[in-house]
Amino acid sequence: MSAPRDSMTSVPRDASSDRPLLLANVSRRTFLTGVGALGGFVLAVGFPAALRAADPPKYGRDGMPDGWVDDPLAFVAIGEDGTVTIVCHRSEMGQGVRTGMPMIVADELEADWKRVRVAQAPGDQKRFGNQDTDGSRSTRHFFEPMRRCGAAARAMLETAAATRWNVPVGEVEAQNHEVVHRASGRRVGYGALAKDAAKLPVPPRETLRLKDPSRFRYIGKGQLKLVDGPNIASGKAQYGIDTRLPGMLYAVVARPPVYGGKVAKYDAAQALKVPGVVRVVEIEGSPPPAEFNPLGGVAVVGRNTWAAIKGREALKIEWADGPNREYDSAAFKATLEASARKPGKVVRNEGDVDAAMASAARRLDAEYYVPHLAHVTMEPPAATARIVNGKCEAWGCIQSPQAARDRIAKRLGLSAENVKVNVTLLGGGFGRKSKPDFMIEAAVLSKAMGGAPVKVTWTREDDLHNSYYHTVSVERLEAGLDAGGKPVAWLHRTVAPSIMSTFNPEAKNEAPFELGMTAINIPFMIPNVRIENPEATAHTRIGWFRSVSNIPHAFAVQSFVAELAAAAGRDPKDFLLELIGPARRIDPRTLGDTWNHGEDPEKYPVDTGRMRRVVETAAREAGWGKALPKGRGQGVAVAYSFVTYVAAVVEAAVNEKGELSIPRVDIAVDCGAQINPDRVRSQLEGACVMGVSLATKEEISFKAGRVVQDNYNAYEVARMAQAPGEIRVHLIPGDFNAPLGGVGEPGVPPIAPALCNAIFAATGKRIRRLPIRDQLMKA
Amino acid sequence: MVTLHVNGKAQQVDVPPETPLLWVLRDVLGMTGTKFGCGMALCGACTVHLDGRPTRACITPISAAAQGKVTTIEAIGGDQVGKAVQAAWVDLGVPHCGYCQAGQIMSATALLQQNPKPTDADIDSAMSGNICRCGTYTRIRAAIHRVAQKGATK
Ligand code: FES
Ligand code: FES
């Protein structure tokens with residue numbers, strides 16, 4: 001046995017070799033933007049392409065590191081038995097990408113899905129295009145390249161058949177795994193054509209005929225089951241934590257509890273006496289900013305995970321905590337609040353807010369708090385590496401395999417060519433597994449053990465204590481209403497440590513990509529608007545968490561809108577629609593948003609017509625305004641994020657003891673056309689539960705620089721009893737030839753405000769601080 | 001040496017008797033279907049059946065597991081109810097990442113073996129020890145009802 005048990009739906013050897021798949025000896029047709037030359041610094045979620053260089057701005061897939069590839073030789077293999085293997089180059093973490101992406105290729109290829117196998121690409125962006133599976137981008141960036149892959153392979157099969165029959169290629173047609181000659185009725189299967197097709201050149205991109213969407217077999221239909229479903233249900237699915245290699249050792253690491261801390265001294269004597277412990281190894285950390293580097297610490301390497309865990313318990317370590325040793329969440333909240341009450345950097349300014357406030361009939365203000373959050377992916381970070389003959393091979397549950405590859409290479413002093421990163425299934429990602437620190441740990445430990453295979457497993461405590469946390473924020477909103485209750489002035493101060501602080505300790509302001517998440521780009525009909533961003537200093541690793549800054553921004557903005565509606569004595573849904581105003585397409589740059597989720601502002605304007613429609617749809621489907629028993633209420637919220645529009649109507653019930661339940665949620669989503677509608681629904685359902693979870697329960701807090709929460713008992717997440725009774729997802733139909741929106745993240749932001757608005761409707765109590773936890777409880 | 005009975009097979013393992021069953025299954029016997037999520041009986045990812053009862057393998061020492069018969073996700077399809085549960089999971093597209101689902105399926109199977117027609121409240125209480133961070137709870141409920149309606153024999 002030379003590799004982990006290979007149950008990822010029969011990965012063929014070729015998929016991970018360098019051999020072209022469909023045919024040999026033809027120069028590869030690839031499109032690389034060259035952005036990758038910027039080096040290993042891959043903060044994919046954030047950097048607006050337009051700000052990277054003096055070049056004309058590159059948007060969307062063109063702006064991503066290593067861009068995109070639409071070469072069938074990289075993605076498609078056809079065996080002589082007719083088996084079609086399609087490579088998925090994005091990481092599967094529950095969004096269904098290993099079904100959706102190959103399905104696009106298969107549809108254009110006219111492949112019979114029953115004869116399709118899916119292979120997982122290793123980290124190799126030059127070959128496959130960008131692989132950073134984050135930012136809700138896989139489908140919107142790769143729908144078109146994957147269609148072209150399938151169409152090119154189909155054209156090659158058609159040409160091979162036409163040549164064999166000596167008829168014009170225009171007379172033949174690929175149909176469900178065969179090529180048919182219309183005039184004579186002759187047909188030949190893909191398997192029989194594979195060898196001939198493989199000798200043909202890949203047709204130029206411009207000559208490809210894409211299917212008319214009316215002829216799609218799979219795209220948009222939702223009839224295909226998950227490719228990994230049977231393996232998941234039978235326990236065969238392989239995650240990062242499941243890798244097994246001959247002679248493999250198992251490691252856990254004691255990491256500095258305070259960000260920027262390091263080992264002062266340690267004593268391994270007792271640890272080495274624990275049965276099964278093989279070695280204790282110090283891992284060198286790196287001073288802040290952490291970037292993607294391991295935090296360092298002391299690793300215990302054992303014959304099994306349990307031995308390593310017991311060995312770690314027996315270590316004696318003294319830490320030098322460093323400058324963040326005083327970080328205290330209660331004190332920090334007060335610091336953020338103080339900052340939010342003073343002017344800060346102005347990031348958008350229209351009209352004269354101060355004058356309008358001064359002359360307003362009524363003024364309101366409110367402050368909203370969202371604490372640090374942790375992703376707590378069910379599978380904690382885990383990775384395995386070995387080094388043989390100067391080459392490192394690693395396996396892990398990684399969202400950014402190219403970054404892992406580059407960083408491992410750098411740390412080991414190897415060239416990237418001598419590092420291979422295999423992507424397993426991810427037991428959840430949510431942004432945590434975009435950071436390859438845990439994969440580098442495995443490589444470092446393998447090196448320390450003479451190249452032997454070492455698996456590093458993070459325990460849940462490790463995951464909670466040493467994450468890249470969602471930021472912590474105070475959002476202060478002020479508004480002036482005229483005598484008729486119409487908002488005439490809007491002031492939003494957003495204060496939160498930036499993700500950029502993890503890369504640059506001087507970063508104290510939110511980056512454009514953070515402001516562009518529902519703070520700066522609100523398209524409201526208010527004449528005087530000012531958005532400010534006072535500074536905040538990070539004292540821990542801040543990272544991106546599913547839907548990122550949209551969480552605090554949308555919570556504050558959409559709660560405040562409902563507060564204004566209440567103050568004006570208006571129906572919150574009608575008031576929200578009036579604020580959104582009539583249907584119009586707004587250039588995001590005119591709202592101060594230079595980022596626009598990295599997308600072309602011409603192709604992706606802020607479309608208030610679409611925003612209105614999701615609000616109206618969710619409200620209609622939920623029976624907005626229907627009579628409800630005492631203690632029940634409905635709340636609405638909308639968010640535009642990842643170029644997708646989502647509105648939610650939550651029905652909340654609060655009983656006489658103050659216990660909260662959520663009988664029903666209606667969610668309307670406009671993400672453009674849906675490639676795999678069932679997975680769109682499932683992502684919105686999951687995002688809803690995550691939104692409920694973070695609104696009601698989740699909080700990471702620091703004391704003396706250390707995270708207080710150890711495990712799921714203290715860091716509680718929603719369980720089945722807290723999940724909504726019913727989640728109804730309403731999909732707005734879209735056009736397959738129009739730009740697509742994201743799906744994985746945009747469902748999260750509207751949930752917390754819609755829930756809190758519903759609680760207000762049910763009880764009259766306004767929640768401004770998350771999590772809700774016991775704020776509703778009667779004494 | 002401790003002798004375990006796992007999925008109908010006797011297995012001798014040479015690890016200290018206090019070692020949790022979870023790590024023996026995964027690391028010693030190479031059966032990685034049973035997952036680690038918390039190590040403290042908080043998440044249910046490691047759920048196996050011990051003499052038919054849902055049991056958290058992460059806190060069950062092998063000395064205790066050796067007293068009974070262990071069934072894991074790898075063999076639950078050999079049981080009619082388990083098989084029907086697996087089929088409903090695939091059919092309704094329950095999994096997202098799938099990592100929690102082995103544990104969910106083991107808990108759901110135990111519930112349905114005991115109580116073939118569970119109410120929503122029965123389901124919530126039997127499944128409350130199983131966390132799904134991806135948030136598949138509404139489909140898990142639907143899948144359990146589906147098995148209950150169809151009956152386990154099919
Ligand atoms: S790992 Fe056993 S309950 Fe979580
Ligand atoms: S499906 Fe991912 S944790 Fe449940």
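A note on names: the letters A, B, ... follow the listed sequences, proteins ahead of strands, and every chain is numbered from 1.
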Quiz item: Out of A:Gln722, A:Arg546, A:His375, A:Glu726, which one racks up the most heavy-atom pairs below 4.5 Å with chain B?
Solution: A:His375

Quiz item: How many angstroms lie between CG in A:Asp228 and CD in B:Gln101, if you round to the nearest 0.5 Å?
Solution: 12.5 Å

Quiz item: Does the side chain of A:Met378 reach to within under 4.5 Å of the side chain of B:His96, using non-hydrogen atoms?
Solution: no

Quiz item: Given a strict heavy-atom distance threshold of 4.5 Å, which part of B:Val15 is in contact with chain A: side chain, backbone, both, or neither?
Solution: side chain

Quiz prompt | Heavy-atom closest pair, residues A:Asn713 and B:Met40 | solution = ND2-CE, 3.9 Å

Quiz item: Looking at A:Ile309, A:Leu226, A:Leu426, A:Asp678, which has the largest count of heavy-atom pairs under 4.5 Å with chain B?
Solution: A:Asp678

Quiz item: Above 12 or not: heavy atoms from other molecules or residues under 6.0 Å from CD of B:Gln114?
Solution: no

Exercise. Compare all side-chain heavy atoms of A:Thr459 with those of B:Phe36 and state whether any distance is below 4.5 angstrom.
Key: yes

Quiz prompt | Winner by heavy-atom pair count (cut-off under 4.5 Å) against chain A, out of B:Ala142, B:Gly135, B:Gly93 | solution = B:Gly135

Practice problem: Looking only at non-hydrogen atoms, find the nearest pair between B:Cys97 and A:Tyr239 and report the distance. | Solution: O-OH, 2.7 Å

Quiz prompt | Heavy-atom closest contact (B:Gly37 atom, A:Tyr712 atom, distance) | solution = O-CE1, 3.7 Å

Exercise. Considering non-hydrogen atoms only, spot the tightest contact between B:Tyr137 and A:Ala718 and give its length.
Key: OH-O, 2.7 Å

Quiz item: Any idea which of A:Gly229, A:Ser234, A:Pro230 has the most non-hydrogen atom pairs under 4.5 angstrom with chain B?
Solution: A:Ser234

Quiz item: So what's closer than 4.5 Å to chain B heavy atoms on A:Glu716: side chain, backbone, both or neither?
Solution: neither

Self-check item: Straight-line distance of B:Leu42 CG to A:Arg719 CZ, nearest 0.5 Å
Solution: 6.5 Å

Exercise. Carefully, step by step, assess B:Arg141 and A:Met720 under the rule side chain to side chain contact (heavy atoms under 4.5 Å, CB included).
Key: CA-CA 9 Å; B:Arg141 263 190 220 128; A:Met720 185 172 281; 3.9 Å; yes

Practice problem: Considering only heavy atoms and a distance below 4.5 Å, find which of B:Pro95, B:Gly129, B:Ala102, B:Ala121 pairs most often with chain A. | Solution: B:Pro95

Self-check item: Distance, nearest 0.5 Å, that separates NZ of A:Lys225 from CG of B:Asp91
Solution: 5.0 Å

Quiz item: Taking atom CG of A:Asn304 and atom CZ of B:Arg26, what is their separation to the nearest 0.5 Å?
Solution: 11.5 Å

Quiz item: Going by an N to O cut-off under 4.0 Å, is there a salt bridge joining A:Arg303 and B:Asp27?
Solution: no

Self-check item: Spacing of CD belonging to A:Glu379 relative to CZ belonging to B:Arg133, to within rounding of 0.5 Å
Solution: 14.5 Å

Quiz prompt | From SG (B:Cys38) to CG (A:Asp710), nearest 0.5 Å | solution = 12.5 Å

Quiz item: Based on non-hydrogen pairs under 4.5 Å, which of A:Gly427, A:Ala233, A:Gly235 is most in contact with chain B?
Solution: A:Ala233

Quiz prompt | Selection from A:Thr457, A:Val689, A:Thr305 maximising heavy-atom pairs under 4.5 Å formed with chain B | solution = A:Thr305

Practice problem: Pick one of side chain, backbone, both or neither for B:Ile76, based on which atoms fall under 4.5 Å of a heavy atom in chain A. | Solution: neither

Self-check item: Enclosure of B:Lys117 NZ (heavy-atom neighbours >12, cutoff 6.0 Å)
Solution: yes

Exercise. Identify which of B:Cys134, B:Pro16, B:Pro20 forms the greatest number of heavy-atom pairs closer than 4.5 Å to chain A.
Key: B:Pro20

Quiz item: What option among B:Ile131, B:Ile105, B:Thr138, B:Ile73 has the most heavy-atom pairs under 4.5 Å with chain A?
Solution: B:Ile131

